[in-house]
J.: 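I'd like to ask you about the structure that follows.
Since this is a predicted model, take the numbers as computed values, not measurements. Counting convention: from 1, in listed order, for ligands and their atoms alike.
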Amino acid sequence: MKIDILTIFPNMFDNIFNESIIKRAVENDIVSINIVNFRDYSDDPHKKVDDTPYGGGAGMVLAPGPIFNCVEELKTKDSKVILLTPDGIPYKQKNAYDLSKEKHLIIICGHYEGFDERIRSLADIEISIGDYVLTGGEIPAMVLVDSIVRLLPGVINEQSHLEDSFNHNYLLDYPTYTKPRVFRGMEVPEVLTSGDHAKINKWRQEESIKKTKKRRPDLFK
Ligand code: ADE
């Protein structure tokens, strides 16, 4: 998979993909991640990317020109263009699975007080990572890339994402433990040390259901 992230704050991405699982996925050529500064695509002599809003109002608005130039240069028939904005569709694990099947993602990070409405026409999908407003789309882009790349074949053991919270059965994860068996008086549930795998699976399933009903009744539709 190829991912292009369009931003005017490329330094925000320094190191974020240079650790752990994402780093390994890049080194193993499972994904290539390119941070593209769309300021470089501005036709303005001062490389301006924003301007005042028509009709008045506070703040500056991202202009369409640089982002259109940039997307038009990068886009191929295999590209899916994503615009990050608080008024996009709420991002869910299902979206991460769907996007992990794509060949090329172009992710546009909005910024400042907003962006010119015509930029929306470039997007195949508009995504919000939650009902709160961030200073820009950079952190949401990191969230998307992390959640998508871990699902690419060969990045992590497939069994571990089949067991994720929010996988296709919409149950939260069951509790897990490691050694020691007793830590500060807190014991590992006996069933997990029983060696009886049928019993362990049944316990895990029940714990998942219990936790989901208690914490996220909304997922229990
Ligand atoms: N940009 C600012 N806030 C955002 C959010 N919650 N999701 C996606 N993009 C954003």
Side-chain angles (χ1 to χ4, degrees), residues 1-17 21-22 31 33-42 47-72 74-75 79-102 104-152 164-166 170 172 215-216 218-219:
M1 173 185 274
K2 180 177 176 224
I3 304 176
D4 290 312
I5 301 174
L6 279 49
T7 173
I8 41 168
F9 297 104
N11 297 343
M12 281 182 77
F13 294 87
D14 284 355
N15 297 322
I16 186 87
F17 303 129
I21 292 171
I22 308 297
V31 65
I33 304 170
N34 311 299
I35 311 299
V36 184
N37 188 344
F38 62 78
R39 191 180 292 283
D40 297 338
Y41 291 78
S42 172
K47 297 289 166 202
K48 212 166 126 85
V49 288
D50 56 4
D51 219 320
T52 52
Y54 275 117
M60 298 292 271
V61 175
L62 283 177
I67 295 180
F68 266 73
N69 289 344
C70 187
V71 171
E72 282 162 358
L74 297 171
K75 198 174 163 168
S79 309
K80 182 112 181 163
V81 181
I82 301 167
L83 178 63
L84 291 165
T85 165
D87 51 19
I89 59 151
Y91 190 59
K92 297 278 187 283
Q93 185 66 15
K94 166 84 170 69
N95 305 112
Y97 273 103
D98 291 346
L99 292 171
S100 73
K101 308 282 184 265
E102 298 289 337
H104 179 207
L105 301 178
I106 297 176
I107 303 177
I108 305 171
C109 304
H111 231 277
Y112 299 134
E113 314 320 295
F115 49 79
D116 187 288
E117 192 67 16
R118 290 163 291 192
I119 291 170
R120 293 188 200 273
S121 69
L122 289 170
D124 296 306
I125 178 170
E126 296 182 27
I127 290 177
S128 162
I129 64 158
D131 290 341
Y132 38 80
V133 181
L134 299 164
T135 54
E138 282 73 16
I139 291 170
M142 294 171 200
V143 169
L144 253 67
V145 170
D146 192 277
S147 60
I148 292 165
V149 171
R150 66 185 286 282
L151 297 175
L152 297 176
D164 286 342
S165 287
F166 311 110
Y170 295 101
L172 299 181
R215 296 190 176 189
R216 294 294 305 275
D218 57 303
L219 293 177

J.: Say whether, by atom type as modelled, one donor and one acceptor occur between the side chain of Asn37 and the main chain of Arg39 under 3.5 angstrom.
T.: yes
J.: Closest non-hydrogen protein atom to atom 6 (N) of ligand 1, residue and atom name please, with distance?
T.: Tyr132 O, 2.9 Å
J.: Of the protein's non-hydrogen atoms, which lies at the shortest distance from atom 7 (N) of ligand 1, and what is that distance?
T.: Ile129 N, 3.0 Å
J.: Please check: side-chain N/O of Asp124 versus main-chain N/O of Val81, any donor-acceptor pairing under 3.5 Å?
T.: yes
J.: With backbone taken as N, CA, C and O and side chain as the heavy atoms from C-beta onward, which portion of Thr85 lies under 4.0 Å from ligand 1: side chain, backbone, both, or neither?
T.: backbone
J.: Could you tell me whether Asp146 and Arg150 have a side-chain N and a carboxylate O separated by less than 4.0 Å?
T.: no
J.: Between the side chain of His111 and the main-chain N/O of Gly137, is any donor-acceptor distance below 3.5 Å?
T.: no
J.: Heavy-atom contacts under 4.0 Å between Thr135 and ligand 1: side chain, backbone, both, or neither?
T.: neither
J.: Would you mind checking which non-hydrogen protein atom is closest to atom 3 (N) of ligand 1, with the distance to 0.1 Å?
T.: Leu134 N, 3.0 Å
J.: Would you find more than 12 non-hydrogen atoms of other residues, nucleotides or ligands less than 6.0 Å from Asp131 atom CG?
T.: no
J.: Short N/O distance, under 3.5 Å, between Gly130 and ligand 1?
T.: yes
J.: Should the proximity of Pro86 to ligand 1, defined as any heavy atom under 4.0 Å, be assigned to the side chain, the backbone, both, or neither?
T.: both
J.: If you count the atoms of ligand 1 from 1 in the order shown, which ones are under 4.0 Å from a heavy atom of Ile127?
T.: 8 (C)
J.: What are the atoms of ligand 1, with element, lying closer than 4.0 Å to any heavy atom of Gly136?
T.: 1 (N), 2 (C)
J.: Does Val49 offer a backbone N or O that forms a donor-acceptor pair with the side chain of Ser42 under 3.5 Å?
T.: no
J.: Has ligand 1 got any nitrogen or oxygen that is less than 3.5 angstrom from a nitrogen or oxygen of Val133?
T.: no
J.: Excluding sequence neighbours, so at least two apart, what forms side-chain hydrogen bond (donor to acceptor under 3.5 Å, both in side chains) with Glu117?
T.: Arg120
